[in-house]
Amino acid sequence: MSEAGMAMDEPARLEVDRLLDDRETRIIVCCGSGGVGKTTTAAALGLRAAERGRRAVVLTIDPARRLAQSMGIDSLDNTPRKVTGVGAGGDGAGGDGDGRAPGELHAMMLDMKRTFDEIVEGHTDPERAEAILANPFYQSLSAGFAGTQEYMAMEKLGQLRARDDWDLIVVDTPPSRSALDFLDAPKRLGSFLDGKFIRVLMAPAKVGGRAGMKFLNVGMSLMTGTLSKLMGASLLKDVQTFVAAMDTMFGGFRTRADATFRLLQAPGTAFLVVAAPEPDALREAAYFVERLAAERMPLAGLVLNRVHGSDADQLSAERALAAAENLEEGGIVDQESGKAGLRDDDRSTPDTGLDDGGDTAAEADADVEEITAGLLRLHAERMQVIAREQRTRDRFTSLHPEVAVAEVAALPGDVHDLAGLRAIGERLAAGVPAGA
């Protein structure tokens with residue numbers, strides 16, 4: 001290993017295939033900041049698991065369309081859609097003579113409002129469900145109340161797990177620190193929908209008159225700006241109708257969210273923190289690691305994406321730069337000045353063409369040396385990037401030596417199909433960058 005690739009303490013290697021092959025692992029949650037390849041990682045994990053014999057579904061909460069595009073699906077919605085070209089009919093490992101049964105891969109994107117509607121439809125009679133879905137207060141709540149998306153992600157995860165149609169669920173969370181907001185969702189939305197909140201809403205109706213409406217408007221303004229658009233007596237009527245229709249459901253929200261929260265803490269769940277070898281991304285990764293530990297969530301390890309490597313790492317950046325300078329200052333410059341001097345001395349001599357071969361050879365040598373010097377400088381820059389990434393990773397591992405790491409080599413281009421996802425999966429399984 002080169003000087004740039006050396007580290008004081010190498011972290012434990014995250015064995016991705018062992019994680020995917022473990023039938024006890026039923027949920028994998030990928031979390032991390034934006035722009036680190038989290039969605040691609042989740043899709044690649046789902047694909048690799050399916051082609052190793054698992055029945056996997058990937059749930060994305062990120063509104064980006066990259067996941068659908070890479071899987072050849074026109075669009076993703078709240079219903080899991082099967083991905084073709086996976087398992088026995090695909091090019092992957094599963095069902096291809098390796099002793100594993102062919103798996104399946106499905107993918108979906110969370111539709112927050114539709115999930116909320118499904119809860120209402122599934123836990124009330126048709127007449128009451130129709131009244132709730134048509135209620136303006138409910139429509140505002142289901143479409144934009146703070147924390148609803150994260151709560152609905154918990155609900156959808158619980159639904160997928162309860163159906164038992166898949167033996168592995170891979171969850172792709174939203175970017176930035178809000179990726180862990182779903183851990184707070186039961187507490188935040190539960191407190192919003194518990195008995196105390198109901199009593200607050202019902203109090204204005206009991207008081208009546210302008211005083212009651214003033215009290216209600218103050219309460220609403222504190223809870224969400226969206227509800228302030230609803231004014232006057234119609235607001236009070238909508239709230240009363242909503243509360244009356246939802247009264248029997250409030251307790252179920254907290255119960256199901258708490259059950260899903262406990263599911264995330266259970267041994268069958270594994271969290272993967274995804275990052276890039278950059279200071280900001282690894283600072284976010286450290287935050288995730290510490291938060292997961294505080295919540296007693298099972299952390300499987302860190303996926304470090306887009307790591308650079310080199311097959312010529314025995315040539316250090318310093319030696320490459322020195323060699324480039326020798327070529328530029330010694331060979332190329334002297335040769336060019338020599339040719340220039342020759343032209344000055346023979347300025348009055350007619351050009352007979354007899355020396356063209358010598359000039360061409362000298363120019364070719366100069367071009368080769370110039371190209372070589374340029375390549376040496378590019379190599380030096382790459383080795384400097386590798387060294388910088390290594391130092392950044394070492395700072396993280398020194399703070400969190402217990403976290404296993406899989407380093408994923410950077411691809412030359414973007415992932416836009418199943419072949420690209422397979423390539424990412426292979427790098428995930430290898431756990432070290434190419435050339436390292």
Side-chain angles (χ1 to χ4, degrees), residues 7 9-14 16 19 27-45 58-64 66-67 110 146-147 149-150 153-154 157 170-185 187-188 261 264-265 269-308 385-411 414-415 424 427-428 431 433:
D9 295 304
E10 289 294 328
R13 178 181 163 189
L14 172 60
V16 170
L19 177 67
I27 298 172
I28 295 176
V29 181
C30 297
C31 53
S33 58
V36 297
K38 182 167 48 61
T39 300
T40 302
T41 297
L45 287 169
V58 178
L59 166 63
T60 180
I61 310 170
D62 187 342
R66 295 186 303 274
L67 179 62
L110 178 71
Q149 183 187 52
E150 290 78 15
M154 297 276 282
L157 175 58
V170 183
V171 181
D172 166 40
T173 58
S176 78
R177 294 191 176 187
S178 65
L180 288 180
D181 280 353
F182 64 89
L183 299 180
D184 297 322
K187 183 187 303 181
R188 288 193 286 125
F261 190 87
L264 292 174
Q265 293 177 317
T269 299
F271 281 81
L272 288 176
V273 176
V274 184
E278 301 166 358
D280 289 345
L282 280 172
R283 275 194 293 271
E284 289 289 287
Y287 164 82
F288 287 125
V289 168
E290 292 161 6
R291 176 70 193 279
L292 291 170
E295 299 287 353
R296 299 193 302 278
M297 298 290 176
L299 174 64
L302 170 74
V303 174
L304 198 59
N305 275 330
R306 302 169 188 161
V307 177
H308 293 88
V385 169
I386 294 171
R388 183 168 61 250
E389 291 179 350
Q390 185 69 64
R391 289 193 299 270
T392 304
R393 191 207 71 176
D394 288 347
R395 282 195 291 270
F396 174 88
T397 55
S398 66
L399 293 173
H400 300 283
E402 77 285 358
V403 178
V405 178
E407 297 187 9
V408 182
L411 286 176
D414 294 333
V415 175
I424 292 293
R427 284 161 169 77
L428 277 164

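The model shown is predicted, which means the values in this text are computed figures rather than measured ones.
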(request) Kindly compute the distance separating CD (E389) from CZ (R391), expressed to the nearest 0.5 Å. (result) 10.5 Å
(message) Would you compute the distance between atom CG of L45 and atom SG of C30 and round it to the nearest 0.5 angstrom?
(response)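 Going from CG on L45 over to SG on C30, the span is 5.0 Å.
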(message) As a quick check of understanding, evaluate side chain to side chain contact (heavy atoms under 4.5 Å, CB included) for T60 and L110, giving each step before the final call.
(response) CA-CA 6 Å; T60 180; L110 178 71; over 6 Å; no
(message) Just to verify, which of T397, L282, L304 counts as forming a side chain to side chain contact (heavy atoms under 4.5 Å, CB included) with T392?
(response) L282
(request) Sort out for me which residue in V405, L302, L272, V403 forms a side chain to side chain contact (heavy atoms under 4.5 Å, CB included) with L14. (result)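 Only match with L14 under side chain to side chain contact (heavy atoms under 4.5 Å, CB included): L272.
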(request) Give the intermediate values and the outcome of side chain to side chain contact (heavy atoms under 4.5 Å, CB included) for residues F288 and M297. (result) CA-CA 11 Å; F288 287 125; M297 298 290 176; over 6 Å; no
(request) Could you tell me whether the side chain of S398 and the main chain of R395 form a donor-acceptor pair under 3.5 Å? (result)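 Checked: pair present.
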(request) Verify, without hydrogens or angle tests, whether K38 (side chain) and T173 (backbone) share a donor-acceptor contact under 3.5 angstrom. (result)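 Between the backbone of T173 and the side chain of K38 there is a qualifying donor-acceptor contact (under 3.5 Å).
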Any idea which heavy atoms bring [X] and [Y] closest together, and the distance?
X	Y	answer
V408	R427	CG1-CB, 3.6 Å
L19	A270	CD1-CB, 3.9 Å
C31	F271	SG-CD2, 4.4 Å
A42	V170	O-CG1, 3.6 Å
E407	V307	OE1-CG1, 3.7 Å

(request) Given side chain to side chain contact (heavy atoms under 4.5 Å, CB included), test R306 with L411 step by step and report yes or no. (result) CA-CA 7 Å; R306 302 169 188 161; L411 286 176; over 6 Å; no
(message) Going by side-chain contact (heavy atoms from CB on, under 4.5 Å), name the residues that satisfy it together with A276, two or more places apart in sequence or in a different chain.
(response) V36, E278, A281
(request) Consider only side-chain N and O atoms of T41 and N305, and report whether a donor and an acceptor are under 3.5 Å apart. (result)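 Yes, because at least one side-chain N or O of T41 sits under 3.5 Å from a partner of the opposite role on N305.
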(request) List the steps, then state whether salt bridge (charged side-chain N to carboxylate O under 4.0 Å, His left out) holds for R291 with E295. (result) CA-CA 6 Å; R291 176 70 193 279; E295 299 287 353; 3.1 Å; yes
(message) Pair L59, D172 - check side chain to side chain contact (heavy atoms under 4.5 Å, CB included), show working.
(response) CA-CA 6 Å; L59 166 63; D172 166 40; over 6 Å; no
(request) For the residue pair V273 and V303, establish whether any side-chain heavy-atom pair is separated by less than 4.5 Å. (result)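 Not touching, per the 4.5 Å side-chain cut-off.
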